[in-house]
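All remarks here apply to the structure that follows.
First the proteins, then the strands, lettered A, B, ... as listed; each starts at 1. Nothing here was measured: the structure is a model prediction, and the numbers come from that model.
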2 protein chains.
Amino acid sequence: MFYTIGEMAKKLGVAASTLRYYDKEGLLPFVERSESGIRMFNDSDYEFLKIIECLKHTGMQLKDIKKFIYLVMEGDKSIDDRLLLFKKRKEEVEKQIEKLQNTLDVVNFKCWYYETAKKAGTTAVPDNMKDEELPEELRKIRTQLKNE
Amino acid sequence: MFYTIGEMAKKLGVAASTLRYYDKEGLLPFVERSESGIRMFNDSDYEFLKIIECLKHTGMQLKDIKKFIYLVMEGDKSIDDRLLLFKKRKEEVEKQIEKLQNTLDVVNFKCWYYETAKKAGTTAVPDNMKDEELPEELRKIRTQLKNE
DNA sequence: GTAGTAGTTAAAGTTAACTTTAAGTCAATA
DNA sequence: TATTGACTTAAAGTTAACTTTAACTACTAC
């Protein structure tokens with residue numbers, strides 16, 4: 001079963017021009033063409049594209065994803081490299097989640113801050129609260145925001 | 001206590017040119033200047049910059065962060081708007097964490113895939129494994145990657 | 001056979017967030 | 001007084017990842 005670029009783009013939820021751009025950049029060396037030059041995507045191409053999408057979500061750049069594609073093209077002799085690559089991505093994503101969790105902590109502090117300000121009608125109230133007056137889990141955050 | 005742009009940049013771990021850029025874009029209307037035109041940052045400016053940093057980490061664009069800065073400048077009458085803004089950022093960050101968690105699931109599948117391929121010396125082994133042969137938590141992921 | 005829709009390329013344009021450069025000012029030290 | 005180093009601005013340059021445009025070709029329906 002083959003798909004045109006438009007069909008595959010729809011299946012993936014991206015623009016067809018994005019797939020053409022990826023192809024131009026050398027990320028899709030596996031895509032076949034019809035006699036008249038039209039791209040013919042198949043199901044294994046879909047799987048490839050899903051992995052490209054996944055790697056992109058881990059924060060990898062297209063030029064590095066391209067290198068991975070070429071590792072796959074090399075076959076079984078690049079298995080070790082590919083395993084290492086995914087282990088690296090795992091670490092990266094875990095770091096990103098941790099960073100977002102810290103960001104969320106600050107956002108939650110600010111939500112509390114403005115809830116408190118809203119009730120009082122002024123930000124002076126949360127601003128002037130002593131450390132003991134604020135929820136325990138928020139104290140560290142406020143200190144971080146003020147100090148070094 | 002005042003800081004020059006270089007000192008504040010160092011304190012924040014960014015380039016001084018970045019702070020100048022933010023200023024040019026109107027994100028730092030609160031920064032004072034000396035008679036000779038040199039920026040003088042103080043501790044409350046640091047707090048502002050930490051919040052700008054936080055909002056940036058939530059995925060907000062500078063032009064939208066600028067709007068927030070102007071809400072702060074308006075004083076207590078914009079408390080409700082600011083609360084709403086942070087509630088929105090909270091939702092956004094939670095969504096991003098969820099997305100990264102899904103990405104991590106795929107990466108973990110790929111780690112297992114290449115560990116298995118490494119042991120066998122070929123990707124044919126994990127490729128040809130029946131659903132029942134792979135760890136339960138990975139089955140859904142493989143199906144997702146292959147199908148729609 | 002013609003209209004319409006989807007495919008093709010190459011090349012130029014877009015956007016965000018910086019970064020660099022050039023030319024100059026200012027304050028402190030040798 | 002001269003040098004040094006950090007500050008200033010405006011403007012141009014950079015980068016990644018697309019997106020758009022123009023000019024063309026190919027398949028499908030009527």
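Between the NE2 atom of H57(A) and the C1' atom of dA17(D) there is a distance of 13 Å, rounded to whole Å. At whole-Å resolution of the value, CD1 in I5(A) and P in dC18(D) are 13 Å apart. The interatomic distance linking Y21(A) (OH) with dG7(C) (C1') rounds to 21 Å, in whole Å. dC18(D) atom C1' lies 15 Å from atom CD1 of I52(A), rounded to whole Å. Between F2(B) atom CZ and dC7(D) atom P there is a gap of 16 Å when expressed in whole angstrom units. In this structure, the CG atom of D23(B) is 14 Å from the C1' atom of dA10(D), given to the nearest Å. If you take CD of E25(A) and C1' of dA17(D), they are 9 Å apart, rounded to a whole angstrom. Distance L27(B) CG to dC18(C) C1': 13 Å, rounded to the nearest Å.
Comparing K24(A) and G37(A) against DNA chain C, the residue whose closest nucleotide sits nearer the 5' end is G37(A). Map Y22(B) and T4(A) each onto its nearest nucleotide of DNA chain C; the residue landing nearer the 5' end is T4(A). Of the two residues near DNA chain D, G6(B) and K56(A), the one whose nearest nucleotide lies more 5' is G6(B).
Within residues 59-68 of chain A, the residues that place at least one heavy atom under 4.0 Å from DNA chain D are, in residue-number order, Q61(A), L62(A), K63(A).
Clustering of Ile, Leu, Val, Met, Phe, Trp and Tyr by side-chain heavy atoms under 4.5 Å joins I38(A) with none of the others. The other residues sharing a hydrophobic cluster with L104(A) are V93(A), I97(A), L100(A), V93(B), I97(B), L100(B), L104(B), where clustering joins ILVMFWY side chains under 4.5 Å apart. The other members of the hydrophobic cluster of M40(A), by chain and number, are F2(A) (side-chain heavy atoms under 4.5 Å, ILVMFWY only).
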N/O contacts under 3.5 Å, protein versus nucleotides 20-29 of chain D?
from: dC27(D); atom 1: OP1; to: S36(A); atom 2: OG; distance (Å): 3.3

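Counting only heavy atoms from C-beta on, R33(A) has its side chain closest to dT9(C) among dT9(C), dT19(D), dC7(D).
Look at R39(B) and you'll find a side-chain N or O under 4.0 angstrom from OP1 or OP2 of dT9(D).
Residues forming a side chain to side chain contact (heavy atoms under 4.5 Å, CB included) with Y21(B) (at least two apart in sequence, or on another chain): E25(B), L62(B). Taking the salt bridge (charged side-chain N to carboxylate O under 4.0 Å, His left out) definition, one finds that D76(B) meets it with nothing, sequence neighbours left out. When the side-chain hydrogen bond (donor to acceptor under 3.5 Å, both in side chains) test is applied to D23(B), the partners found at least two apart in sequence or on another chain are R33(B), R39(B). Applying the side-chain hydrogen bond (donor to acceptor under 3.5 Å, both in side chains) rule to R82(B) yields the partners Y114(A), S78(B); only residues at least two apart in sequence or on another chain are considered.
Within 4.0 Å of A16(A), counting heavy atoms only, lies no atom of the nucleic acid at all.
Atom CG in L55(B) sits 9.0 Å away from atom NZ in K110(A) (nearest 0.5 Å).
Taking the centre of each ring, F86(B) and F68(B) come in below the 6.0 Å mark.
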